[in-house]
Each structure stands twice: as C-alpha cells, then as structure tokens.
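Report on the structure given below.
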Protein chains: 2
Amino acid sequence: MQPTVEDVARAAGVSRQTVSNVLNAPERVRPETRERVEAAIAQLGYRPNRVAQSLRASSSRMIGYRIEPVHPFAVGSIHDRLLHALADAGRAEDHHLLLYTADDLDGEIAGALALHRAGAVDGFVLYGLHAGDPRPPALLHHGIPFAAFGRTGHDEGHPWVDVDNAAGTAAATRHLVEVGHRRIAFAGYPRGGDVGERRAEGWRATLEACGLPPGPDLRGEDSLATGARLAAELLDDPEPPTAVVAATDTLAAGLLRGARDRGARLAVVGFDDTPTAAALDLSSVRQPIEAVGHAMVRALLNPAPPDGPPAASLLPPELIVRGSSCPP
Amino acid sequence: MQPTVEDVARAAGVSRQTVSNVLNAPERVRPETRERVEAAIAQLGYRPNRVAQSLRASSSRMIGYRIEPVHPFAVGSIHDRLLHALADAGRAEDHHLLLYTADDLDGEIAGALALHRAGAVDGFVLYGLHAGDPRPPALLHHGIPFAAFGRTGHDEGHPWVDVDNAAGTAAATRHLVEVGHRRIAFAGYPRGGDVGERRAEGWRATLEACGLPPGPDLRGEDSLATGARLAAELLDDPEPPTAVVAATDTLAAGLLRGARDRGARLAVVGFDDTPTAAALDLSSVRQPIEAVGHAMVRALLNPAPPDGPPAASLLPPELIVRGSSCPP
DNA sequence: TTGTACGCGTTATCAC
DNA sequence: GTGATAACGCGTACAA
C-alpha cells in the first residue's frame, strides 16, 4: 500500500492538514515544520493520490483520444508523431492521454460520451476533421470540451488547429518554378475531400501567379501503385511535365518509381515528410505536427472566456528540399 | 454536472444503495424495483463515476505505456499496430491505456514509479525489451506489475510475450529454398542485439538443416541506404547469392532498390510486414502484433497465482509471400 | 500557524 | 429485499 497524507503526518509529528498545506500552500507553514514534513515525504516516497485528487476536484486531468486502426496502405503517417506530441504537451500541464478504440466515427462519439459521463476524461482531441464530420456537432451538443485538428467549414464553436495545406503546395510549386521547371503537374486525392482540394489549390494558384499554364491535374487513391500509374500517364504525354507536386509522400514515392521504371526524369515533391521521404531523398512539405499537438492541448486546457471566440490557429508548413526536386 | 446515484435514487423513489445493488448485485433487487431504477438510469443517462469507483476499489483500471519519439529513419513500424492492439485489448476488461513520455529508459522508470505511486495506473506494458534492459529489475524491485514485449534473458519473474524471431527467418529461408534458391544471404542489424542474432540464427540453422552452405552474413544499421549498399556488396561477388533474408522491411526495401539499380535480380524477404512491404510487393515475416497486445494485457490483468510462474508466451510469426521472393 | 469537520461518488457491511 | 453507516484519500472553509 502507498503512503497517504496521514502516514506522512504521523511520521512528521504533525496533523494531516499541515501536510496538505505544505504541498498546496507552503507559505502558510513555518519553515522548520515544512522541512520536517518535506523530509518525511521524501523518506516515505509519498505522492498525492491522483484518483482522490480527481474526485475532490472533479477533474480527471485526462485527455481522451481515439486511436484508429493502422491504415494498411499508407507508407508513412504523421499519426504517430501527433500522438507523441500530444502526450508530451500534456506533460507540462500534468495531464495524460487516455486512449480508446472505436470502429467508426459514431462509435468514437459514443465512446467519448461514455468516457465523459463517467468522469474519466476532461475533454478530447479530435484527429482528421473533414467537411460533414459528425463529431464536432455531437460533442458540442453534449457540452463536451474538445480541440480539433482540421476543419469542417463550420468551426466557429470550438477550438481548432490546422495546417495551411495550400501554403504547403504553394511553397512546393514555387520552389520547382525557381529551379527552372515550367510544366508542373499535380497528383492528388480524388476530388471532393477538402484537404485534397486545398493542396490542389495551392499548386494551381501559384502557377497562375507565376504566369505559367497549369499542367495536368491527376487524381487517384493514396497508394504507391496509383502514383506509379499516374507517372506513366503523365509521361505518355507528347510534351510531358518535368515536375509533379504530390498530395502525399505515398503518391510521390509511386511517381518516383513510375518515372524510374520508364527511365525518365521527373522532379517530385511530396507531402508530410514521413520517414519514407527521407529514405527516398524526396523533397517534401513538412507539417509542424509537434506545434499542432501543443496548440491543441493548450486550447483544450485553457479555454477562451465564454464571451470570446475559441482559440484557432492555422500553422504554416515547411518545405524540406532534398534531391528529388532538382532542375529539369 | 453529471447525475449521481443519488439523483437516480431520487428519480426512482428508492435509496442510494438500492441503485448500487441494481448495478452490482441485481439478483438482490425485486424485479419491479429494478425496472423502475433501470428506467431512471436510462432517462437520466447515468453512468457510474469511474474516479469514485477507482478510489473505492483502489484500482484505476488504467494501464501505463511510455510512447517513444518516432524513429526518423525506419520506413515502417509495428509500434502503431501495437498501440492500437493494446487499447483494443483493454476494452474487453474495461481498462484504458494511459500514455506518457520520457527521454530515455531511466526516465521511463521514474515516470512509471511516479504514476504507480500516485495510483494513476494499475500496471505497465513495456515495449522492446533487450538484454541488460534496466526496466524489469527496477519495476520488480518496486513491486509494480507489468508485462513485457520481448525478453532480457532473465525473464522468470514477470509475464512476457515474445515473437519467435528465429522461426520467422527460418520460414523465410525455407520458402526461398523451396522455390529453388541455393545461395541465400542474410542482411541484419549490427551484431550483439539479441533480436538481430535470433533472426540470423533462424536463417543459419535452416540452411544447415537443408545441407546448404550459408551465404554471406552482412550487417549494418537499419536504413534504406544500408540495404542498397549491402545489395551492391553482395552482387559484386563473382558468384553472387540469388536471394537474401533481411532482418527488417527497411533493409529489404534497400536491398530491392540496390539490386534494381544494378539491373540485377535478387529475391528478398523482409521482416514485420509493414505497409511498405505491401506497397513494394515484398514478401515479409509478419509478427502477430494484435495477439501480442492481447496476451500482454491478459497477463497483466489476470496475474498468475503467487506460487505459480508468471504467464509467458512465445508466438509464431507468419510468412506473407509476395512477388519479391520468386524463383531464381 | 494548526487542527476539526465535511464532502467529492461509489460500494461493502450489516442491521432491519 | 431494503436502507442506514462507514470508508477509500484528498482539499478546504472554518474555528481555535
């Protein structure tokens, strides 16, 4: 059994509450008494019981997070980076991450509701928001605090953090133009997803701003095979592009492979700067995931005043230049 | 504020304890009373407060886990699979995963001690045990329950789960022999690590059992670049091997690339069956990580009787055959 | 400055 | 079968 305040009090020859005061209001205790108590604490290895503290404060100091199953085709993911960043961000404010699983978004909502009702968590961090996402309205309706990564398009009611996707592909496109490319294509997700469209938009707008005609705008599912197929498609053109901006590192890796299979040169820039990008010497747009995690935890634990708007930040990504984006 | 037992009791016109009995010992309550209480519970959306339950039971129903920073060079990892498996395994026994961070193994031990002293977790799951690992003796010394993935060589005192690494490379080697290869090399971690040596041992023993001479046994750090370099080294041989057993998918991917760069054919089998393997059509040895996670949680939550040995299981991996291990 | 009393929400024990 | 009482460990208003 762990020692309690009572044990410490007995060992130090003071009352239970004096020990509590030493911990929570040290200035109220005479220095010599404090030292005696602190010695007893150290000697017994006493730590306040978090569960009792939680019950007393009706705050669990836990942040809930649903962990998704691993996506079997994505060659690299930022998910593990985010998880570490969240756990690390909580440390400074003495909060911990509580993981739970669910089969889908409705299960995630049901699980969040149950955990919150049971007092197991103070709030949640939501990953991968998208247009039409059912989670924000559901949690808002039940009055459950949360912070989100991504946006739905109706994000006024809760704190959120997002990365400026368009700025990322814009930087990639600008970089390719600067090293001399003039025909620059785009390879992305199927049309409709908001993240994908924003990445396409950054590419398109930058070409326009540079006075260059947009190259082909190809789409497909996020896999290596698709990337390779798109590369073949691009190179079949009588006047093929010399560079491609890809919406993910997975597609970018596929494009590199497709081009190499044809013995052709093709400059490629990926997105997410996964370990795969580093391994393949692939230039890539890096999301500031550590900052995202810290910003979400901060927004969740230090909510805005009731009359002000919730915290919201749009963070800039950073282009990591490697060998795959060389001049034509 | 969430409803409490008291609220339910008032709504159902019974005492607080009758409500508790309905939840924890239903057979003691007259059916009609029970129904009335259950209706009140449903109507109020009552859920027992986990924190109060924890305090009462002195069990937090939490499992602690230290999440490591992402290794920047490994192209695929089984870590995210394990995390999901652990969270999922806890669900069945109404336990949740509590994540924390630490800078190194000593920090992990200190954090575990603090969390356990504070009553925040009931026990821990340890990842990546190796010979000389300081964590098992430290936790045993403090009487902190834990289950481990991997072995140190002195594993009698605590529950552990491991994957039979030698059986994995043995299956890979046997498969390559069966499809017709006779000169089969090995590419692995630098000598010394126990996991790496077991994987090498499975390869060596199988060749011996088949009456074949062992091919070159090459080692290097776990990166794509190393794999490519080792491929070049192998193919420089006047009588080069036609196949390689690799200790990781990352090395295997590098070997494939190295061979392709030389325009040579080289059959390769990797280890871990990461998404990278699927993407590259790479045969690979798959660890049963989901089973590992479930076995660890089971062992942790249902400890062996004090007089019996702790639970221990050595799980078999499975060879996933794809295109990279075709006949010579 | 120190000690006393109470409540956070739950459940086990024990009378009735 | 049901209801009062106590206890888990802590923090805090209040009194001394």
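Chain naming here is simple, since letters A, B, ... match the order of the sequence lines and numbering starts at 1 in each. These numbers come from a predicted model, not from an experiment. For the numbers below, each heavy atom of this structure counts, side chains included, while hydrogens, waters and symmetry mates do not.
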query = Do B:R81 and B:Q287 have side-chain atoms, one donor and one acceptor, less than 3.5 Å apart?
reply = no
inquiry  = Rounded to whole Å, please give me the gap between CD in B:Q2 and P in C:dT10.
reply    = 10 Å
ask   = Rounding to a whole Å, what distance do you find between A:L23:CG and D:dC10:C1'?
value = 11 Å
query = Rounded to whole angstrom units, what separation is found between the CG atom of A:N49 and the C1' atom of C:dG9?
reply = 15 Å
ask   = Just to confirm, is there a sub-4.0 Å distance from OP1 or OP2 of C:dT2 to any side-chain nitrogen or oxygen of A:T33?
value = yes
query = Would you say D:dT12 has OP1 or OP2 under 4.0 Å from some side-chain N or O of A:R56?
reply = no
Audit row: A:Y127, A:H79, ring pair (Phe, Tyr, Trp, His ring centres under 6.0 Å) steps and yes/no = CA-CA 9 Å; A:Y127 176 69; A:H79 185 256; 5.2 Å; yes
ask   = OP1 or OP2 of D:dA4 sitting under 4.0 Å from any side-chain N/O of B:S15?
value = no
request  = Remember a base hit wins even if backbone is also touched, and classify A:V29 as base, sugar-phosphate or nothing at under 4.0 Å, heavy atoms.
outcome  = sugar-phosphate
remark   = A:L55 has its side chain closest, among D:dC10, D:dG11, D:dG9, to D:dG9
ask   = Phosphate oxygens OP1/OP2 of D:dG9: is one of them under 4.0 Å from a side-chain N or O of A:Y46?
value = no
Length of the line joining A:R28:CZ and C:dT2:P, which is rounded to integer Å = 11 Å
request  = Examine D:dG11: is either OP1 or OP2 under 4.0 Å from a nitrogen or oxygen in the side chain of A:S20? Give yes or no.
outcome  = yes
query = C:dT2, D:dG9, C:dT10: which one has an atom nearest the side-chain heavy atoms of B:P48?
reply = C:dT10
query = Are side-chain N/O atoms of A:T152 and A:D155 paired as donor and acceptor at under 3.5 Å?
reply = yes
task = Could you point out which residue of B:D194, B:D162, B:D164 forms a salt bridge (Lys or Arg N to Asp or Glu O under 4.0 Å) with B:R151?
result = B:D162
ask   = Nearest-Å distance, CZ (B:R61) to P (C:dT10)?
value = 12 Å
ask   = Is any side-chain nitrogen or oxygen of B:R16 closer than 4.0 Å to OP1 or OP2 of C:dG9?
value = no
query = Within the modelled atom types, does a donor on one side and an acceptor on the other bring the side chain of B:Q17 and the base of C:dT10 under 3.5 Å apart?
reply = no
task = Give B:S58 one of three labels, base, sugar-phosphate or nothing, depending on what nucleic acid heavy atoms sit under 4.0 Å from its own.
result = nothing
Minimum heavy-atom distance A:A87-B:L99, with the two atoms named = CB-CB, 4.4 Å
